[in-house]
Amino acid sequence: MAGSPLTRRSFLIVTASGIVAACSGDATSAPPVTTASTTTAAPTTTTSTLPPGPAFASDPFRLGVASGDPASDSVVLWTRLATDPLAPEGGMSPESVTIGWQVGADETMSDIVASGEAVADPAFGHSIHVELEGLEPARTYWYRFFVGDWETEIARTRTTPADADLADRLVLGHVSCQRITQGYWTAFDDLATHDLDATVHCGDYIYERNGSGIRTLDIPEPTELAGYRAIYAGYKADPSLQAAHAVAPWIVTWDDHEVENNYQGDVAQNGSETPDRESFLARRAAAYQAWWENMPVRLAAPVGSSLPIHRGVDFGRLVSLSVLDTRQYRTDQACAANDVGPRCEGSDGPDFTVLGAEQETWLSDRLASSDAVYNVLQQQVVMQQWRLLPGDAAWNLDQWDGYPAARDRLFDDLRSPDVRNPVVLTGDVHSSWVGSLATDFDDENAAVIGTEFVGTSISSDGGLLEPIIPAVLDQNPHLEWAQATRRGWTRHEITPTEWRADFREVEDATVPGTTVDVATSWVIPDGGAVVRA
Ligand code: FE
Ligand code: CA
């Protein structure tokens, strides 16, 4: 999905007002999110014969393209220029570059419904975020970018159904955890062959520590912006990842490794290179900015070390998706050296939080006002109880198990009869888990509140968990199934009467191009508990 030389030299650039709205190239100005109106008429306005931007001696689209955060009338288009992904600043000189973009009604791009220009600013890593407007609901569109003598391949995106529409069927991809040094991204090759309404990413899009493994990415652990940018470039240069971005819009949240393993709010992990609060927040600011630059998100550019990313994406009345951030605002778990141990003092009280007060209130209000058939939480760490040993001596304190009162507050919202079919989509643990969310996790007969699907990793190793799976399944009656040996992704097919999850597993992600099969399928009937299909 990287670019190629332009084949048609007389490229039409529509310059009518109302069609083109490019952002300012001034690095000190507002965030480079452009808002572009669209036109349904064929372009009949003035044209130029020259594409925008300077001449590049080599392909500046080596990081591919993406779309994201779909709405019923809009989607965000993304690209970031880099002629040499692993060179300093991606091989780009520190000047702004004007990028052209086009949106087509079909895959031939013969009917252009919107087009314009956006400025790739070196202050934001030569990334652009183009926010389209005026699109039709529940419709597939195609898009491409061009600059100088280069253009990208044509990629596909899709708007969501209109607010009042109850769609017959939606298909979502569900992915997480793609440590590049631990495997090939065969799961993304497979995902790219599917017709998806959207792909949701639950975090660990990059890892801060790389080096040599199944594959090599020789970039030292970063603490500053240039280093994080380089890691994103190293990951995004992969053709499998680019292919997966090119077939559907992505809805992305982050987990810990976009900054540093198991960080908690403003607190670094034990043994961090940035151990004190001040140096950690400076590092977090760099990491958050690099994430924003590289993701197709409908969010203003970060200012300082905070970046609110929780947001809602609604697919008409069938699915209301809430994208959560369980990292940035959580209370530190200061009581255990290695994340596993007895719960911390105070963790059963009102001051211990996973989401932070503002996000918690936002989610509560959003759930209370939802009329969707399925209410989905896209988030990072496991929400189900995992009693690791009999008694209360061993919990994974990085998961919701470390925050029992915060989980109870969330469950109070989810168990309301007005909130239909809660479904939680999770990543983080490099293994697949299916289970129910229950009012009492230790009582087999307790009322079921909803379902959690934990998706396995795209490539990150899950072997550490394999030996504990039998005991965890045994000690936690609400858990139905788990596996940790295989990498893959989860395909969710949703209709007004049933949610179906297919766990697609890669035979062996340590070698390229092995087969991908459905290992198991699970179904949630409307109003019921999850069962094996
Ligand atoms: Fe991970
Ligand atoms: Ca993680």
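First listed ligand is number 1; within each ligand, the first listed atom is number 1. As the structure is a prediction and not an experimental result, all values here were calculated from the model.
Inclusion of C177 in the first shell of the Fe ion (ligand 1) is supported: an N, O or S atom falls under 2.8 Å. Backbone or side-chain N, O or S atoms of S176 do not reach the Fe ion (ligand 1) at under 2.8 Å. Here D204 meets the criterion, with an N, O or S atom under 2.8 Å of the Fe ion (ligand 1).
A pairwise comparison of heavy atoms in R487 and A509 identifies CG-CB, 3.6 Å as the closest pair.
Distance check for C335 and C344: the SG atoms are under the 2.5 Å cut-off.
With a 4.5 Å cut-off on side-chain heavy atoms, R311 and V297 count as touching.
Checked for salt-bridge contact, D508 and R486 miss the test: no charged N lies under 4.0 Å from a carboxylate O.
Between Q475 and R387, the side chains place no donor N or O within less than 3.5 Å of an acceptor N or O (distance only, hydrogens not considered). There is no side-chain donor-acceptor pair under 3.5 Å between S364 and W362.
Taking D502 as the reference, R491, R500 meet the salt bridge (charged side-chain N to carboxylate O under 4.0 Å, His left out) condition, with sequence neighbours excluded.
For the pair K236 and W78, the cation-pi test (distance below 6.0 Å, angle within 45°) is passed.
Taking a cut-off of 3.0 Å, the protein N, O or S atoms nearer than that to the Ca ion (ligand 2) are D204 OD2, D255 OD2, D256 OD1, D428 OD1.
Within H430, the N, O or S atom lying nearest to the Fe ion (ligand 1) carries the name NE2.
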